[in-house]
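All of these numbers come straight from a predicted model, not from anything done at the bench. Here is the naming used below: chain letters follow the sequence lines, and residue numbers restart at 1 for every chain.
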There are 2 protein chains.
Amino acid sequence: MANHDTKLSLIFQALSDPTRRAMLAHLSQGAVPVSELARPTGLALPTVMRHLQVLEDAALISTEKTGRTRMCSARPETLSATMDWMSEQRAIWVARTDRLEAMLKTLGEKDT
Amino acid sequence: MANHDTKLSLIFQALSDPTRRAMLAHLSQGAVPVSELARPTGLALPTVMRHLQVLEDAALISTEKTGRTRMCSARPETLSATMDWMSEQRAIWVARTDRLEAMLKTLGEKDT
DNA sequence: CTGTTACTTAGCATTATGGCTAATCATGAC
DNA sequence: GTCATGATTAGCCATAATGCTAAGTAACAG
């Protein structure tokens, strides 16, 4: 299994493109074949394929081919894992800010 | 104010680099001058400056110059906003999955 | 078996990203 | 003033990302 840091990079990289975010949003409606996913983007199929590859490498979607159509579906658990990271970061920042504010408040009271 | 979608792109793009994530983590310890932020990365100063620019454009940090040193600090509210987007996406996906599971379960019970 | 459909692969052009060095600017210390 | 320090700007290089077209494969339809 790849490094956690590497995985985060892949996920954020994948999410950084508006086209890919739109495709993810589209997938919230359920599993969808490649060509239907491509249609609203107005992009050429090979281009869409590469976006899908990026999303799949990041584990944000999974795909399965049956016959000649490939179905794509979202993987919410990856988003959850990413939110965990963000949530952790934010918590540390906020905790610090709170401590700082408390300190300033204490100093202020002493001053009164 | 820029488009919401554009902002998300900037944020995710900024978060997609491990060096920048490390710098953000470093900033959880509080405001830090550019050179101290640069030291642990082992990168040249101009390189670090560009990372900072990316982070600032994404509103993930704010910086202020006093004298000849520039202090950098984290902006947790931007992370929060980003989590909101993710949380929304995930909620839709999960809701759908739940519905699907409920449906399958119902079908299963009928079958019994 | 022939044609159509749905992807897939290969290759190319353009732009963005991430790194560097060298040179410049601005402030603070002597 | 002169010099050191911290940051900044300019410019270069290598690689990766995003788009395309054209050609190839694979399954289904008749």
Inset, instruction - Send over the distance from B:Met49 CE to D:dA10 P, rounded to a whole Å. - result: 12 Å
Inset, instruction - Work out which heavy atom in A:Arg39 is nearest to a heavy atom in A:Glu36; give both atom names and the distance. - result: NH2-CG, 3.2 Å
Inset, instruction - Output yes when a side-chain donor or acceptor of A:Ser80 lies under 3.5 Å from a complementary backbone atom of A:Pro76, and no otherwise. - result: yes
Legend entry - Inter-residue atom distance A:Leu37.CG - A:Arg70.CZ, 0.5 Å rounding: 12.5 Å
Legend entry - Atom-pair distance (CG on A:Leu45; C1' on D:dA22), nearest Å: 14 Å
Inset, instruction - Take the protein atom CG of B:Asp57 and the nucleotide atom P of C:dT17, then report the distance between them rounded to whole Å. - result: 10 Å
Inset, instruction - Can you sort out which residues in residues 13-22 of chain A have a heavy atom within less than 4.0 Å of DNA chain C? Ascending by number, please. - result: none
Inset, instruction - With the side chain counted from C-beta on, respond yes when B:Arg21 and A:Ser9 share a heavy-atom pair under 4.5 Å apart, and no when they do not. - result: yes
Inset, instruction - May I have the distance from B:Arg50 (atom CZ) to D:dT15 (atom C1'), rounded to whole angstrom? - result: 13 Å
Legend entry - Separation of C:dC7 P from A:Arg39 CZ (nearest whole Å): 12 Å
Inset, instruction - Provide, to the nearest angstrom, the distance between the CG atom belonging to B:Leu37 and the C1' atom belonging to D:dG6. - result: 14 Å
Inset, instruction - Compare every heavy atom of B:Phe12 with every heavy atom of A:Ser16, then report the nearest pair and how far apart it is. - result: CA-CB, 3.5 Å
Legend entry - Side chain proximity check, A:Leu24 to A:Arg20, heavy atoms < 4.5 angstrom: no
Inset, instruction - With heavy atoms under 4.0 Å as the rule, sort B:Pro46 into base, sugar-phosphate or nothing. - result: base
Inset, instruction - Identify the two heavy atoms, one from B:Ala58 and one from B:Ile11, that lie closest to each other, and give their separation to 0.1 Å. - result: O-CG1, 3.5 Å
Inset, instruction - Would you classify B:Ser35 as touching base, sugar-phosphate or nothing, given that sugar-phosphate means primed atoms plus P, OP1 and OP2, and contacts are heavy atoms under 4.0 Å? - result: sugar-phosphate
Inset, instruction - Would you kindly compare A:Thr47 and B:Glu36 by the position of their nearest DNA chain D nucleotide and give the one closer to the 5′ end? - result: B:Glu36
Inset, instruction - Whole angstrom is fine here: how far is it from CG in A:Leu10 over to C1' in D:dA16? - result: 13 Å
Inset, instruction - Answer yes or no: does a side-chain N or O of A:His51 lie under 4.0 Å from OP1 or OP2 of D:dG19? - result: yes
Inset, instruction - Tell me yes or no: between the side chains of B:Arg75 and B:Ser62, is some donor less than 3.5 Å from an acceptor? - result: no
Legend entry - Close residues, residues 58-71 of chain A, relative to DNA chain C [heavy-atom separation under 4.0 Å]: A:Lys65, A:Arg68, A:Thr69, A:Arg70
Inset, instruction - Looking only at non-hydrogen atoms, find the nearest pair between A:Ala14 and A:Leu60 and report the distance. - result: CB-CD1, 3.8 Å
Inset, instruction - Please report, rounded to the nearest Å, how far the P atom of C:dT21 is from the CG atom of B:Leu43. - result: 11 Å
